[in-house]
Chemist: 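Before we start, here is the structure in question, set down as structure tokens.
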Number of protein chains: 2
Amino acid sequence: MVANRSMMPEETNPGLVSAAIQAITQYIRVEGLGPGDLLPSEADMTRRLSVSRTVVREAFRSLSAMRLIDMSAGRRASVAKLDIGAMSMVIEHGVTTEQISVHQVYDVRRTIEMRTVALAALRRSDAEAAEIQEYARLMRENYRTPEIVMEHDIAFHEAIARASHNPVFSLIITAFSGVTRRTWVIGWRTRASVEDQIKMIEGHADIARAIIAGNPQLAAEHMAAHFDKSVKALNDAGIA
Amino acid sequence: MVANRSMMPEETNPGLVSAAIQAITQYIRVEGLGPGDLLPSEADMTRRLSVSRTVVREAFRSLSAMRLIDMSAGRRASVAKLDIGAMSMVIEHGVTTEQISVHQVYDVRRTIEMRTVALAALRRSDAEAAEIQEYARLMRENYRTPEIVMEHDIAFHEAIARASHNPVFSLIITAFSGVTRRTWVIGWRTRASVEDQIKMIEGHADIARAIIAGNPQLAAEHMAAHFDKSVKALNDAGIA
DNA sequence: TCAAGAAAACATGTCATACAGGTTGAGGGC
DNA sequence: GCCCTCAACCTGTATGACATGTTTTCTTGA
């Protein structure tokens with residue numbers, strides 16, 4: 001069985017697998033597939049591309065790892081809904097291999113979230129406003145249990161990103177959540193007194209109120225203040 | 001040969017491959033590997049994880065597709081330098097499956113680039129400043145050949161992102177370049193007269209000058225104006 | 001002694017085959 | 001007409017084989 005090595009004029013990597021990945025993504029584009037639509041079976045793809053099932057499988061598997069497609073036993077692969085999948089892994093990888101610092105992540109988050117919060121103030125539905133407010137309330141209610149505060153904190157920021165109604169913002173912010181989880185507690189601990197901790201939680205309530213009031217400027221200011229305090233906490237903790 | 005299915009307490013996907021991916025990334029973290037460092041061979045990993053080479057290969061291949069590791073024939077896989085790899089594929093996928101609109105991408109770019117340009121004005125080295133200026137010059141010089149203008153345009157924005165000295169910004173902006181390539185010409189064509197086109201190119205020169213002058217406010221203003229004009233051009237072209 | 005070159009050891013790339021187990025739809029029994 | 005069973009199809013994993021690329025080792029010759 002002879003493989004066609006010359007289909008892709010500008011192939012990134014040599015190798016049949018890369019070509020197969022290209023072919024599959026191109027298939028999605030050409031066929032105009034959307035989330036949920038089924039792809040050809042592996043056997044089918046094997047015939048189309050004239051390569052072994054091994055190659056096709058590795059290609060499918062790669063796309064699945066990036067969450068561009070969904071795979072599960074017995075059923076054919078389908079086009080996936082937008083998902084952080086790969087993006088969060090790239091960020092995590094960058095941080096764990098020390099190619100990205102926590103400060104750099106916070107700068108990006110600050111930049112983006114000053115925008116998402118303003119958009120949220122302008123575009124949020126009532127349900128979204130209620131959800132955001134609820135997370136702020138839950139943070140206050142559980143202020144004695146850092147882990148729970150953290151999860152609601154993260155959910156709070158993700159909810160704001162969703163309320164911006166721009167999935168790209170949502171995608172990026174959610175991709176950072178993993179890094180946030182690994183540094184959040186450190187920032188919390190530098191807030192020595194309970195008053196400081198409550199003040200930090202109240203910062204979230206301020207943001208929520210500004211969103212509900214539909215005041216983008218105020219919301220952005222509160223968000224900026226919140227990040228400035230977070231970065232200061234990281235600095236105090238000696239995080240590079 | 002019996003596989004150990006219970007290593008990972010919080011496995012995301014069922015299946016040995018997902019577990020293997022987790023194990024490999026964890027290996028990188030635990031061993032403290034950085035870019036260029038070698039990973040165990042497939043055979044080695046096969047023994048460690050007690051799974052078939054098939055599974056290990058699919059895991060390696062997935063990480064390679066996300067550009068978290070580098071693979072090539074004959075040599076062992078190594079930890080990769082930070083690369084857009086996966087991120088650009090996620091964005092492309094979102095756009096081609098119509099889960100992300102071009103406008104949404106532009107909003108994100110505007111948000112981020114107003115920051116990168118300000119940072120670049122503050123932090124750019126002389127070499128970086130010269131590079132940015134050079135791209136602006138090349139745009140002017142080739143104003144008759146849209147494709148060349150486009151490539152220099154993209155390089156211009158990427159250079160600014162690099163000059164921000166925050167690789168995360170650089171990563172995100174570069175990940176959008178693919179989408180930009182697919183819409184740029186449309187925006188160009190709506191600029192009917194040569195004067196409009198030159199005005200657009202001069203906008204880039206304005207940005208470059210502000211960066212060289214070390215004026216972050218001015219640079220951000222020029223960048224905002226540039227994006228406003230670009231979005232208007234897309235609107236005029238009827239891009240949703 | 002040492003350097004160049006050959007060979008062995010090791011690594012990945014691809015293929016073929018096999019079988020277990022999940023999913024789905026067709027057909028038959030009621 | 002409904003439910004059940006089973007066949008057809010699909011993915012998940014394992015194994016073995018061989019081509020080809022890379023590194024290490026050892027031999028050989030100067």
Side-chain angles (χ1 to χ4, degrees), chain A residues 1-8 11-24 27-28 33 36-80, chain B residues 1-8 11-24 27-28 33 36-80:
Chain A
M1 203 175 281
V2 176
N4 180 356
R5 281 179 168 75
S6 61
M7 295 182 60
M8 291 280 147
E11 52 198 315
T12 53
N13 264 354
L16 302 182
V17 176
S18 297
I21 291 175
Q22 293 265 109
I24 296 168
Y27 178 91
I28 293 174
L33 301 187
D37 291 343
L38 294 180
L39 281 82
S41 71
E42 292 174 2
D44 200 351
M45 224 18 126
T46 293
R47 281 187 294 272
R48 285 169 195 258
L49 304 180
S50 304
V51 294
S52 71
R53 190 183 160 207
T54 305
V55 169
V56 171
R57 259 196 80 74
E58 289 185 11
F60 270 108
R61 193 57 98 164
S62 296
L63 293 170
S64 166
M66 289 187 271
R67 305 284 193 108
L68 302 191
I69 66 176
D70 291 322
M71 295 176 76
S72 71
R75 34 174 68 132
R76 273 152 58 197
S78 62
V79 177
Chain B
M1 200 176 280
V2 176
N4 180 357
R5 282 177 167 76
S6 59
M7 296 182 59
M8 291 281 144
E11 50 200 316
T12 52
N13 264 355
L16 301 182
V17 176
S18 297
I21 291 176
Q22 293 265 109
I24 296 167
Y27 178 91
I28 294 174
L33 301 187
D37 292 343
L38 294 179
L39 281 86
S41 71
E42 292 174 1
D44 200 352
M45 219 28 119
T46 293
R47 280 186 294 272
R48 286 169 195 258
L49 304 180
S50 304
V51 294
S52 72
R53 192 185 159 206
T54 306
V55 169
V56 172
R57 260 196 78 75
E58 289 186 12
F60 270 108
R61 194 57 98 162
S62 295
L63 292 171
S64 167
M66 289 187 272
R67 305 285 193 107
L68 302 191
I69 65 176
D70 290 323
M71 295 175 77
S72 72
R75 33 175 67 132
R76 276 156 50 201
S78 62
V79 176

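Everything numeric in this text was worked out from a predicted model, so none of it was measured. Order of the sequence lines fixes the chain letters, A, B, ..., with proteins taken first and strands second; residue numbering starts at 1 for each chain.
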Chemist: Within this structure, what is the CG-to-P distance between B/Leu16 and C/dG22, rounded to whole angstrom?
Modeler: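 The answer, rounded to whole Å, is 14 Å.
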
Chemist: Under 3.5 Å, side chain of A/Arg76 to main-chain N/O of A/Leu38, donor-acceptor pair present?
Modeler: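 Not confirmed, A/Arg76 side chain does not pair with A/Leu38 backbone.
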
Chemist: Under 3.5 Å, which protein N or O atoms sit close to an N or O of nucleotides 6-12 of chain C? Give each pair with its distance.
Modeler:
residue	atom	partner	partner atom	Å
C/dT12	OP1	B/Glu42	N	3.4
C/dT12	OP2	B/Glu42	N	2.9
C/dT12	O4'	B/Gly74	N	3.3

Chemist: Do A/Ser52 and C/dA16 share a donor-acceptor pair, side chain to base, under 3.5 Å?
Modeler: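 There is none.
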
Chemist: Quick one: closest heavy-atom pair of A/Val55 and A/Ala20, and the distance?
Modeler: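 Closest approach of A/Val55 to A/Ala20, heavy atoms only: CG1-CB, 4.2 Å.
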
Chemist: Give the minimum heavy-atom separation between B/Phe60 and B/Pro40, together with the two atoms involved.
Modeler: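 Minimum heavy-atom separation between B/Phe60 and B/Pro40: CZ-O, 3.6 Å.
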
Chemist: Partners of B/Arg57 by side-chain hydrogen bond (donor to acceptor under 3.5 Å, both in side chains), sequence neighbours excluded?
Modeler: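 Expected list: A/Glu58, B/Glu42.
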
Chemist: If I take atom CZ from residue B/Arg48 and atom OH from residue B/Tyr27, how far apart are they, to the nearest 0.5 angstrom?
Modeler: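 Result: 4.5 Å between the selected atoms.
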
Chemist: Would you mind reading off the distance between B/Glu58 atom CD and C/dG13 atom P, rounded to a whole angstrom?
Modeler: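 Between P of C/dG13 and CD of B/Glu58: 13 Å.
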
Chemist: Provide, to the nearest angstrom, the distance between the CG atom belonging to B/Leu49 and the P atom belonging to D/dT13.
Modeler: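 Whole-Å distance recorded here is 13 Å.
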
Chemist: Can you give me the closest heavy-atom contact between B/Ala65 and A/Ile21, atom names plus distance?
Modeler: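 Closest approach of B/Ala65 to A/Ile21: CB-CD1, 4.3 Å.
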
Chemist: Would you kindly give the CD1-to-P distance between B/Ile21 and D/dT13, to the nearest whole Å?
Modeler: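 Rounding to the nearest Å, CD1 of B/Ile21 and P of D/dT13 are 11 Å apart.
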
